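Counting starts at 1 for both ligands and their atoms, following the listed order. One is the number of the first residue; the rest follow in order along the sequence. As the structure is a prediction and not an experimental result, all values here were calculated from the model.
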Amino acid sequence: MKFISTRGGETVTGARAIVQGLSANGGLFVPEKFPSVSKAELEEMLGMSYPERATKILMKYLDEYDEEGLLAACEAAYAKFEGIDPAPVVRLDEGVYILELFHGPTCAFKDMALTVLPYLLRKGCDICGIKEQILVLVATSGDTGKAALEGFKDADGVKIMVFYPNDGVSKMQKLQMCTQEGKNVNVVAVKGNFDDCQTAVKEIFSSEEYNKILAEHNVMLSSANSINFGRLAPQIAYYFSAYLDLVSSNQIENGEEIDFTVPTGNFGNILAAYYAKQMGLPIRRLHCASNLNKVLTDFLQTGVYDIHREFYKTTSPSMDILISSNLERLLFEISGRKPKLTAQRMNDLKTSGKYSVTDEEREKIALTFDGGYANEEDCVEAMYDVFIDTGYTMDTHTGCAMKVAVDWFEKNKKDETKMVIVSTANPYKFPQDVLYAVTGNDVKDSFKGIKRLHAATAMAVPKSLKELRDKPVRFTKTADRKKLFDEVLEFIKK
Ligand SMILES: *Cc1c(COP(=O)(O)O)cnc(C)c1O
């Protein structure tokens, strides 16, 4: 399978797309066409383990990788998850399910892909005959950074550097990153919010001058952000797996269409669901859930994407994003795969903070997507109601999705389509906010929050979070966003 850029120009292999991360003209790599999964293949996948299912989906796109190696990598990756099933589907209510994607080493859904990406990247370098040292640069709104650090720590021939917005991540997220172990890792705080951080990192990727300097040091850049197809591909797998689990537990018939509600920031997770649908998975609608930073909700309603608005710091920090990078891939599809138009829109976004799609395109998007958002109070309310009604505890990001799903139910009382709400983080990752939502108790300290939340819910505390308290902090540096490349140079010279 070949990959093309959303902004035209380049055609590459899957391995190359993963190693390079971003196309030279700033576009994102997308498959030349969507591979399909037939009903018979779905049937065949019913009896498979999660790593087998994931390998099957990955091989559809990455056919130059060898299947055995990929399966071994998936088995090793998902063995790092707690419990037997890395992505269990939990029944919440009649026709309503939660897909739990937070059982990985860092307790957020990013682990689903970032435990596999190091293999995809290393193998990709072999396939492409790349000899340079790889430097993975990551801009994170909190969860990607930690998951990438954990995935790449002590990997051969790779260094990883993570930038996070100084005041934009939760205390637990910051602690997780700043205590990271490993010889090849570095973490730097950036003055500004996530968009500033992401824009600064993207500039390093697209700067000829910077890349030339790196080449002189025998270093090549790669990305672990969700713009990398190597992030997207493993995410497609869990939509298939969730569907298959519902079939095998007799909740749905094979072929029956279902809905997903996805808490969304950079549009990576929900885009993977759209890809699954394009491949033939029976998905009816995708509900895109935002927090107060509801740029996507507005876009889906009006067809205008406009970042000129207040930026809110919320209790769901991984969704505090105004520039949703992966939306570019959807725009490309919806435009009828027009690279020039896509490039034009992305340029409009860069120069004027705004672009729009035609009414026809907006209607096309609306055939699959709708969007809603939760303000801070809505989110607390949704988490509380679920806890009281069912005893289930969810994190703040999932709380936003819950609110959007409940709004859908209320507006569509006769709709009997089964709904899967995607849960993206372990509640203990945001202990104070979750504790407040389910008990009304306000505590000042995260670890006290964990203790009380455990007392209130009896839910097991993940070992990796419990241990954080006693880990030494290794990284304390804060940098100006204009000076990130200096940090990069310093790190590669070490
Ligand atoms: C990253 C993240 C999201 C947003 O996912 P996107 O792929 O960026 O849309 C939502 N919730 C949590 C907990 C996350 O870590």
Side-chain angles (χ1 to χ4, degrees), residues 28 98-114 117 138-150 162 164-165 168-170 172-173 176-177 194-195 197-198 223-236 238-239 260-275 286-291 293-297 299-300 314-330 369 371 373-374 379 383 394-404 421-431 433-434 462 465:
L28 310 193
I98 305 273
L99 169 58
E100 294 185 344
L101 300 177
F102 55 73
H103 296 286
T106 77
C107 305
F109 96 92
K110 308 294 196 291
D111 290 325
M112 297 302 301
L114 280 163
L117 184 65
V138 181
T140 184
S141 60
D143 292 328
T144 298
K146 177 61 187 180
L149 288 163
E150 200 54 41
V162 168
Y164 70 91
V169 302
S170 81
M172 293 303 275
Q173 288 174 324
Q176 276 188 310
M177 289 188 278
F194 172 69
D195 292 314
C197 196
Q198 176 161 259
S223 155
N225 274 102
S226 63
I227 48 171
N228 191 319
F229 188 77
R231 279 281 301 280
L232 198 52
Q235 292 177 184
I236 302 169
Y238 52 71
Y239 287 100
F260 286 95
T261 302
V262 188
T264 305
N266 230 347
F267 211 76
N269 197 349
I270 197 165
L271 185 81
Y274 176 74
Y275 273 42
L286 294 170
H287 310 278
C288 175
S290 298
N291 62 21
N293 297 296
K294 61 181 185 63
V295 63
L296 286 167
T297 315
F299 170 69
L300 292 171
T314 73
T315 50
S316 42
S318 302
M319 293 154 69
D320 289 347
I321 292 174
L322 293 181
I323 303 172
S324 275
S325 303
N326 267 300
L327 190 61
E328 179 169 347
R329 287 190 165 109
L330 180 67
F369 290 90
Y373 75 102
C379 176
M383 292 159 76
M394 55 179 50
D395 94 291
T396 46
H397 303 76
T398 314
C400 293
M402 191 69 214
K403 153 76 178 166
V404 170
I421 296 159
V422 176
S423 177
T424 48
N426 188 303
Y428 283 114
K429 228 178 156 169
F430 306 92
D433 298 318
V434 176
L465 293 183

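The closest side-chain heavy-atom distance from Leu300 to Cys288 is below 4.5 Å.
A side-chain donor-acceptor contact under 3.5 Å links Asn228 to the backbone of Ser223.
Taking the six-membered ring for Trp, Tyr239 and Phe260 have ring centres closer than 6.0 Å. Under the 6.0 Å cut-off for aromatic ring centres, Phe109 and His397 do not qualify, their centroids lying 6.0 Å or more apart.
The residues lining ligand 1, counting any heavy atom closer than 4.0 Å, are Phe109, Lys110, Asp143, Pro263, Thr264, Gly265, Asn266, Phe267, Gly268, Asn269, Ser318, Met319, His397, Thr424, Ala425.
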Original post:
Under the ring pair (Phe, Tyr, Trp, His ring centres under 6.0 Å) criterion, do Tyr274 and Phe369 qualify, and how do the steps go?
Top reply: CA-CA 9 Å; Tyr274 176 74; Phe369 290 90; 5.6 Å; yes

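When the salt bridge (Lys or Arg N to Asp or Glu O under 4.0 Å) test is applied to Asp111, no partner is found at least two apart in sequence or on another chain.
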